[in-house]
Amino acid sequence: MGSIETSLQENRVFEPAEDFVKQARVSGIAGYEALRAEAEADFEGFWGRLAKENLSWKTPFTKVLDESNAPFYKWFEDGVMNVSYNCLDVNLQNGNADKVAIIFEADGGEVTKVTYRELHARVCQFANGLKSLGYAKGERALIYLPMSIEAVVAMQACARLGIIHSVVFGGFSAKSVQERIADAGASVVITADEQVRGGKNIPLKPAIDEAFAIGGCESVRNVIIYQRTGGNIPFVEGRDLWLKDVIANQPTECEPEWLSAEHPLFILFTSGSTGKPKGVQHSTGGYLLWAKLSLLWTFDLKPNDVFWCTADVGWVTGHTYIAYGPLACGATEVVFEGVPTYPDAGRFWKMIQDHKVSIFYTAPTAIRSLIKAGGDLPTKYDLSSLRLLGSVGEPINPEAWVWYYNVVGGARCPIVDTWWQTETGGHMITPLPGVHGLKPGSCTQPLPGIAAAIVDETGTDVAKGNGGFLVIKKPWPSMIRTIWNDPERFKKSYYPADFGGKYYLAGDGANVDLDGYFWIMGRIDDVLNVSGHRMGTMEIESALVANPLVAEAAVVGRPDDLTGEAICAFVVLKQAAPQGAEAQAIAKELRDWVGREIGPIAKPKDIRFGDNLPKTRSGKIMRRLLRSIAKGEEITQDTSTLENPAILDQLKTSR
Ligand code: PRX
């Protein structure tokens, strides 16, 4: 992968084609500047106008933004609405009833299409099923489902009733599920018997039983199971229910619960710089407004587009750009169960060809792995339906960008490199395809209304050409409302006193170039980005030290060609540091252990053993030295404060 340095040396600019600009929803610099100027001149008026024009309100709001308890901002609070109504019923009224909402392609290639009318009926049945079991507004549902129509239906059904969902990615372990059930106080779990990936059936439901066995799941009254494969799984009488029985004979109409725009729509757990994941809480009205608008603006979404976001609904990208945004726009979207390399590395390209996908949104890791697996494969398919490409989750190196642009996009499709986070709810800094000249590796400029800036430690803007902390100076509608159960942590993490407590601190370092383009440099906290997934180093350390063999552990990241960053663990055992075959065996055991504690995505790529860790005299682990060792770099840093310099040599040679 090209490093940040290669990104910064990148000076090619790819201007948007004239005919793209002409037809774009936001057209040319003038279109962009007009929206920015509107937000600048009357911030609340701008957001109020957009919320009125883009959402359907049962009772209109009278106040746009309440800053009285900042940073706990409230948007459109006295407005009453329902997210599922906006995604489904609105489409039945405006002529989209028989339009295909979802084209679902299963791992094995079977395709199922669902119209808006059918989706509405299925969501209503699911919601009625939940209601008949006594579930109601304000309760929490933990969703642990594979990519499926049912996952979207389950989320929408919760939204219809005001039940707050918390979707957990199917790659997380039973222990992670248990922690999330307990933290959210979930009263219902919605899962599947098995998931199917790359031709294999992988059990899912047993993880729920294991979570119960760990304890702390007493809040759960029922586990609802979608039969994806019909695999043989344990069934707990009295607690477990088959989804097909829950929805059987339920009416296909369900009056939505009318909710304040500030009612929590969902909680999504993400990694932070302490050991415990944070439950990021999102709202109803502000969230949906931005989910919809960012699709219209960033993706220039039009009625005839076929939109495909390859994320999993277990991540925020799958929430905003699969479960909610596309439906709020009345779009046709592709939902994919499988993996990009099964049955071969042409899967994505074949699906684009088969479904005539016009807007394709994926992650740099997927792009890099597909280059590796068959860089000329896209040319074997008809990709002429594509008109726009997107990238998300991690910096895209210029080499991957240029391949994506030329080979996938036929040098015809703009690439929107969208910077955002679980906490921001939707895109924040991204090119607009009919506006910005593109520089490979830069997410270009903030969307209209988003007050992104780069500041120094004192909170002062850095001059163009410099780097610093990425902040958002004004609130925005889809922002995180709080951390579930932990408002203090919300304040401390995102509105720290160092910056006067008034700016949202993103946790990323960034540079701004002389054209005012933003370049994301990566996290400034102890969070790693592995294949576009956020992993807290402390979380992995806690998992490692929970193993009976381990005395101490420190986890750092190192650059990786495929996954962006790779996880490196330095481990001190309760026994002397092992070597050779013994070291390999223990490393494997620890990797599997982390897989069980958190999930396979958290398994360290490298594990090094030492008799100690490099520490200062006051006992602080010197992580910057570990980072150098992990990268295989010469240590040029000052090591004079190190208590045990000899440990560096041992760690350097420990693999
Ligand atoms: O470091 C940034 C990186 O991913 C982090 C957010 O991760 P998460 O909450 O899991 O959300 C990922 C999907 C939105 C950010 O703090 N990141 C995200 N998008 C980009 C990015 N880094 C560079 N370029 C991007 N386009």
Side-chain angles (χ1 to χ4, degrees), residues 1-4 7-8 10 167-169 171-172 266-273 277-280 282 290-291 294 298 309-322 325 361-368 389-398 400-401 404 415-431 436 438-447 452 454 469-472 478-480 483 493-494 504-511 517-536 539 557 563-565 601-602:
M1 176 179 101
S3 62
I4 291 294
S7 295
L8 285 173
E10 179 60 54
V167 184
V168 177
F169 173 59
F172 277 113
F266 66 85
I267 306 166
L268 184 56
F269 286 88
T270 189
S271 296
S273 45
K278 338 185 229 202
V280 172
H282 277 289
W290 202 227
S294 56
T298 312
C309 164
T310 67
D312 190 285
V313 286
W315 308 108
V316 73
T317 310
H319 281 59
T320 307
Y321 299 108
I322 296 177
Y361 191 32
T362 196
T365 291
I367 297 169
R368 287 191 294 263
L389 301 172
S391 172
V392 60
E394 50 184 319
I396 179 163
N397 46 306
W401 193 102
Y404 196 28
I415 297 178
V416 288
D417 177 359
T418 60
W419 176 86
W420 60 296
Q421 307 176 296
T422 305
E423 294 86 345
T424 69
H427 302 156
M428 300 294 279
I429 310 179
T430 172
H436 289 101
L438 306 170
K439 300 186 192 183
S442 168
C443 55
T444 75
Q445 293 193 304
L447 284 171
I454 300 173
F469 303 96
L470 179 57
V471 297
I472 316 293
S478 66
M479 67 189 296
I480 173 175
I483 292 176
S493 309
Y494 303 108
Y504 170 85
L505 183 68
D508 279 336
N511 273 27
Y517 274 33
F518 287 63
W519 299 79
I520 305 296
M521 312 298 286
R523 302 287 305 187
I524 51 167
D525 51 11
D526 294 322
V527 172
L528 307 182
N529 190 325
V530 183
S531 303
H533 298 146
R534 247 161 93 168
M535 295 302 326
E539 228 175 305
T563 57
E565 267 188 302
I601 49 171

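The chain is numbered in sequence order, starting from 1. Because only heavy atoms are used, hydrogens play no part in the values below, and waters and symmetry mates are left out as well, while side chains stay in. Each ligand, and each atom within it, is numbered from 1 in the order the structure gives.
Scanning all protein heavy atoms for the shortest distance to atom 23 (C) of ligand 1 gives Pro395 N, 3.2 Å. Scanning all protein heavy atoms for the shortest distance to atom 2 (C) of ligand 1 gives Asp508 OD2, 3.0 Å. Atom 6 (C) of ligand 1 has as its closest protein heavy atom Trp420 O, 3.7 Å.
The proximity of Glu394 to ligand 1, defined as any non-hydrogen pair under 4.0 Å, is limited to the backbone. Contact annotation: for Thr317 versus ligand 1, heavy atoms closer than 4.0 Å belong to the side chain alone. At a heavy-atom distance under 4.0 Å, only backbone atoms of Thr418 (N, CA, C or O) approach ligand 1. Contact annotation: for Arg523 versus ligand 1, heavy atoms closer than 4.0 Å belong to the side chain alone.
Judged by distance alone, the side chain of Thr320 and the main-chain N or O of Gly425 form a donor-acceptor pair under 3.5 Å.
Distance check, rounded to the nearest 0.5 Å: OG1 of Thr418 to CG of Leu447 gives 9.5 Å. Atoms SG and CG, on Cys443 and Asp508 in that order, are 9.0 Å from each other to the nearest 0.5 Å. To the nearest 0.5 Å, atoms OG1 (Thr444) and NE2 (His436) are separated by 4.5 Å. Atom CG of Leu389 is separated from atom CH2 of Trp401 by 9.0 Å, given to the nearest 0.5 angstrom.
Residues Ser294 and Tyr321 come closest through the heavy atom pair OG-OH, 2.6 Å.
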> Step by step, would you call Arg523 with Glu565 a salt bridge (Lys or Arg N to Asp or Glu O under 4.0 Å)?
Replying inline: CA-CA 11 Å; Arg523 302 287 305 187; Glu565 267 188 302; over 6 Å; no
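Ligand 1 places these atoms under 4.0 Å from at least one heavy atom of Asn529: 3 (C), 4 (O).
Residue-to-ligand polar distances place Arg534 within reach of ligand 1: an N/O pair is separated by less than 3.5 Å. Considering backbone and side-chain atoms together, Gly393 places an N or O closer than 3.5 Å to an N or O of ligand 1.
For Gly507, the heavy-atom gap to ligand 1 stays at 4.0 angstrom or more.
Note on ring orientation: taking the six-membered ring where Trp is involved, the planes of Phe169 and Trp315 are tilted (angle from 30° to 60°).
Across the listed options Thr422, Leu268, Asp525, Thr422 owns the non-hydrogen atom lying nearest to atom 9 (O) of ligand 1.
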